[in-house]
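Everything below concerns the one structure shown next.
Here the structure is a predicted model, which means the values were calculated and not measured.
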Amino acid sequence: MWWGGRGQSFNIAPQKAEPDMGLSGPKSVQRTGMLESRSCQLGSHLASGCLPGEQILAWAPGVRKGLEPELPGTLICTNLRVTFQPCGWQRSQETPLSSEYDFVLVNIGRLEAVSGLSRVQLLRPGSPLKFTPEEILIHGRDFRLLRVAFEAGGLEPQAFQVTMAIVRARAQSSQAQQYAGISLSKAGQSSGPRKPPIPLLETSEDWETERKKQGAGSWRVSPVNERFDVATSLPRYFWVPKRTLDSEVRRAFGHFHQGRGPRLSWHHPGGSDLLRCGGFYTASDPNKEDIRAVESMLQAGHSDVVLVDTVDELPSLTDVQLAHLKLRALCLPDSSAAEEKWLSALEGTRWLDYVRSCLRKASDISVLVTSRVRSVVLQERGDRDFNGLLSSLVQLLSAPEARTLLGFQSLVQREWVAAGHPFLTRLGVTGASEEAPVFLLFLDCVWQLLQQFPAEFEFSEFFLLALHDSARVPDTLTFLRDTPWERGKQSGQFNSYTQIYTAGYSQLPAGNSVNPQLSVWDWDLRYSSEQILQFHNPGYDPEHCPDSWLPRQQPNFMVSGPPSSVWLFSRGALTPLNQLCPWRDSPSLLAVSSRWLPRPAISSESLADQEWGLPSHWGACPLPPGLLLPGYLGPQIRLWRRCYLRGRPEVQGNSIPLDIQLLKL
């Protein structure tokens, strides 16, 4: 991305000559003068688009390859990013952030220098450059590729200098994890407060508006965590049963892992409620009042309760990270996989298997939510990864409103950002060992749904790509912190909007006012109007809009469950349980893993049939209106080629190996 501001200018560091480059005498002096003159011209040209405190470290003329036609321009390295500026291209004041030409330093996953046909050097932070490069390849962690061939004819020193500048700047950026506020030109020019495109759910009014929108009349907005003294990973406000007092909520949440007790994720218009919570602290010793409060919150006024073991049959965080690393390695241009074995290598990454597992489980849960009026509780020990993934997928499968452009953005803001998904850790920005791109796995699942039901989604693949790439770009706090508490603290006084940050500065330069109202959903700050138009799916059928959706009551296919029934959903089957809480006489799902629970003598097959069937039992019965059940067998799950293979030069040049062509779009 590119940050810019009107009336500000770049600081341009002079390009220092590298030793032993073979330049001496009058020609060297003449070339040096030419470079200094061109540096001044470059600084003047970019004076209208910049970031306070940003400094150009080096630049070199070149040609961007891998595109048709190839683009001549200038490769620029600053202390924040690497950008390629095509000749004659002007950065628009209306769109100060470029989504096409900029690579933030922290997003660079691999840097290669090339000379001739066979000389390639992988440049790691701190490594010296052994030759003057003829070409440089910058691989983004988001699978993007920037290929630039440098001009010859006396400009070799610039190619050397800009390459080394990128190596040094990248090493420094990996150590700088503090971000200071910046103001963007478009936001700064606004005459008044900039309203976020969607509610950021940082105020009680936002939560109340969303509650009414869902028709959750039996729920209320609780301010019990307003000061983050219940859980720093939870939002300041969330939904709890209307009859539950805040004092009861506070005590009940204290018996859950990280204080993440049961709360509403989504209210189905037919009456069912989808909840999420963390694991129990089984060593705690709650009194009878606390147990009753916990059971009441889990039941949510329903006589039928289904506890879902979220992580059962899903990959571990380590599995997700390993699969993503293998996938990224396979999609690199120099992948060691032979062309004829490429598909086998893809299967070996297990990435598509994990996509399949998530979709299958989300489909089952969607049936549980839509088939009967009940409380469905997603339980994960940390409640910050797969709970968000499954809750989001269930809503996409069950709620047409979530498939609109604004509805999907609101869904991500609520189930991922506000719910405390640790983006910074999971995306590897902190370098912690807990890296696992669960959010990117979710986006792949959404892409699969878009391919199978193209008329049901208002947003397009290009929107998913933009969201995928934005997850690793440090221009807003939306994906830059692990908890709402950290996000609010950094933005100052826990204000109502999201502050934006860039690397390397603890305070704003004097005279610059910070606009704290920006989030990742402010697409017009990074994408042109033409690009934003591509966010809309031209094949979307307006008849699937929320106005034509289900009525608030659906007695035709939703019936009350049996009284006081508690079920465990695990391994695709429903098993009756004796109780909800682990502090009674026998264990429950929330106390121990479901795989250790004894199987009752009664068969769960008959119950599955009564549920209108899990996906394999639907048979000839018509699906409830608005419900999507995706296919997840064999070739029904495909590779997101436009995302993962855009870093392969032969794909960019449309010269695609046969095995890859078989994957199809």
Quiz item: Is there a donor in the side chain of Glu210 and an acceptor in the side chain of Gln214, or the other way round, less than 3.5 Å apart?
Solution: yes
Quiz item: Would you say the side-chain atoms of Arg414 pair up with the backbone N or O of Ala419, donor to acceptor, closer than 3.5 Å?
Solution: no
Self-check item: Residue among Asp522, Leu200, Val417 satisfying side chain to side chain contact (heavy atoms under 4.5 Å, CB included) with Thr478
Solution: Val417
Exercise. Would you check, one step at a time, whether the test salt bridge (charged side-chain N to carboxylate O under 4.0 Å, His left out) holds for Arg220 with Asp246?
Key: CA-CA 11 Å; Arg220 67 176 178 87; Asp246 282 342; 2.8 Å; yes
Practice problem: Taking Arg250 for its side chain and Val224 for its backbone only, find out whether a donor-acceptor pair lies under 3.5 Å. | Solution: yes
Exercise. Decide yes or no for Ser410 and Gln413: does some side-chain heavy atom of the first lie under 4.5 Å from some side-chain heavy atom of the second?
Key: no
Quiz prompt | Separation of Leu397 CG from Ile365 CD1 (nearest 0.5 Å) | solution = 10.0 Å
Practice problem: Flag the pair Ser470 / Tyr527 as yes when at least one side-chain heavy-atom distance between them is below 4.5 Å, and no otherwise. | Solution: yes
Quiz item: Any side-chain heavy atom of Leu427 within less than 4.5 Å of one from Leu440?
Solution: yes
Quiz item: In terms of the angle between their ring planes, are Phe442 and Trp416 parallel, tilted or perpendicular, with boundaries placed at 30° and 60°?
Solution: tilted
Quiz item: Once you round to the nearest 0.5 Å, how far does SG of Cys643 lie from CG of Asp444?
Solution: 7.5 Å
Quiz item: Mind checking what makes side chain to side chain donor-acceptor pair (under 3.5 Å) contact with Trp640, not counting sequence neighbours?
Solution: Glu461
Quiz item: Looking only at side chains, do Thr425 and Asp482 share a donor and an acceptor under 3.5 Å apart?
Solution: yes
Quiz prompt | Pairwise distance CD1(Ile532) to CG(Asp524) - rounded to 0.5 angstrom | solution = 5.5 Å
Quiz item: Can you tell me if Glu380 uses its side chain to pair, donor with acceptor, with the backbone of Gly382 under 3.5 Å?
Solution: no
Quiz prompt | Step-by-step salt bridge (charged side-chain N to carboxylate O under 4.0 Å, His left out) determination, Glu295 to Arg292 | solution = CA-CA 5 Å; Glu295 290 179 337; Arg292 280 196 294 267; over 6 Å; no
Quiz item: Considering all heavy atoms of both residues, which atom of Phe459 and which atom of Ala402 are nearest to each other, and what is their separation?
Solution: CE2-O, 4.3 Å
Quiz item: Below 4.5 Å, heavy atoms only, C-beta onward: do Leu628 and Arg403 meet side chain to side chain?
Solution: yes
Self-check item: Arg141, CZ: over 12 other non-hydrogen atoms inside 6.0 angstrom
Solution: yes
Self-check item: Trp239 side-chain N/O to Ser265 backbone N/O, donor-acceptor pair under 3.5 Å
Solution: no
Exercise. Apply the test salt bridge (charged side-chain N to carboxylate O under 4.0 Å, His left out) to residues Glu289 and Arg251: give CA-CA distance (whole Å), side-chain angles for both, the deciding distance (0.1 Å), then the verdict.
Key: CA-CA 9 Å; Glu289 288 74 17; Arg251 293 198 309 269; over 6 Å; no
Quiz item: Can you find a pair of side-chain heavy atoms, one from Phe463 and one from Trp523, that are under 4.5 Å apart?
Solution: yes
Exercise. Keeping the roles fixed (side chain from Arg263, backbone from Met297), state whether a donor-acceptor pair exists under 3.5 Å.
Key: no
Self-check item: Separation between CZ of Phe439 and CG of Asp385, rounded to the nearest 0.5 Å
Solution: 12.5 Å
Exercise. Determine, step by step, whether His268 and Val394 satisfy the side-chain contact (heavy atoms from CB on, under 4.5 Å) criterion, reporting the C-alpha distance in whole Å, the side-chain angles of both residues, the deciding distance to 0.1 Å, and the verdict.
Key: CA-CA 11 Å; His268 189 281; Val394 168; over 6 Å; no
Quiz item: Judged by modelled atom types alone, do Glu205 and Thr209 share a side-chain donor-acceptor pair under 3.5 Å?
Solution: no
Quiz item: If you take all heavy atoms of Leu274 and Leu264, which pair is closest and at what distance?
Solution: O-CD1, 3.5 Å
Quiz prompt | Side chain Arg374, main chain Leu368, donor-acceptor under 3.5 Å | solution = yes
Quiz item: Looking only at heavy atoms, what is the nearest atom pair of Glu226 and Tyr237, with distance?
Solution: OE2-OH, 2.5 Å
Exercise. Under the side chain to side chain donor-acceptor pair (under 3.5 Å) rule, collect the residues that match up with Arg276, sequence neighbours excluded.
Key: Asp383, Glu415
Exercise. Quick one: closest heavy-atom pair of Gly259 and Ala231, and the distance?
Key: O-CB, 3.9 Å
Quiz item: Are side-chain heavy atoms of Ser272 and Val376 found at a separation under 4.5 Å?
Solution: no
Self-check item: Sub-4.5 Å side-chain heavy-atom contact between Leu467 and Gln409
Solution: no
Practice problem: For Ser316 and Asp319, test the side chains for any donor-to-acceptor distance below 3.5 angstrom and give the result as yes or no. | Solution: yes
Exercise. Determine yes or no for a side-chain-to-main-chain donor-acceptor pair under 3.5 angstrom, with Asn225 supplying the side chain and Val230 the backbone.
Key: yes
Quiz item: Once you round to the nearest 0.5 Å, how far does OG of Ser398 lie from CG of Leu393?
Solution: 10.0 Å
Quiz prompt | Which atom of Asp312 lies closest to which atom of Ser570, heavy atoms considered | solution = OD2-OG, 2.9 Å
Self-check item: Whether Ser233 side chain and Thr483 backbone form a donor-acceptor pair below 3.5 Å
Solution: no
Practice problem: Using atom types as modelled and distance alone, determine if a side-chain donor or acceptor of Asn387 lies under 3.5 Å from a backbone N or O of Leu378. | Solution: yes
Quiz item: If we only count heavy atoms from C-beta on, is the Val566 to Leu298 side-chain gap below 4.5 Å?
Solution: no
Exercise. Of all the heavy-atom pairs spanning Ser460 and Leu450, show the shortest one and how long it is.
Key: C-CD2, 3.7 Å
Quiz item: Going through the checks in order, is the side-chain contact (heavy atoms from CB on, under 4.5 Å) test met by Trp521 and Val412?
Solution: CA-CA 10 Å; Trp521 314 119; Val412 173; 3.8 Å; yes
Exercise. Answer yes if the ring centres of Phe253 and Phe238 are under 6.0 angstrom apart, and no otherwise.
Key: yes
Quiz item: Can you tell me how far the CD atom of Gln258 sits from the CG atom of Leu234, to the nearest 0.5 Å?
Solution: 9.0 Å
Quiz item: Using the benzene-type ring in the case of Trp, are the ring centres of Phe256 and Phe280 under 6.0 Å apart?
Solution: yes
Self-check item: Flag, side chain of Ser366 to backbone of Ala362, donor-acceptor distance under 3.5 Å
Solution: yes
Exercise. Give the intermediate values and the outcome of side-chain contact (heavy atoms from CB on, under 4.5 Å) for residues Leu465 and Trp447.
Key: CA-CA 9 Å; Leu465 278 172; Trp447 180 83; over 6 Å; no
Practice problem: Evaluate the side-chain contact (heavy atoms from CB on, under 4.5 Å) criterion for residues Val438 and Leu317: first the C-alpha distance (whole Å), next the side-chain angles of each, then the deciding distance (0.1 Å), finally the verdict. | Solution: CA-CA 8 Å; Val438 179; Leu317 294 176; 3.6 Å; yes
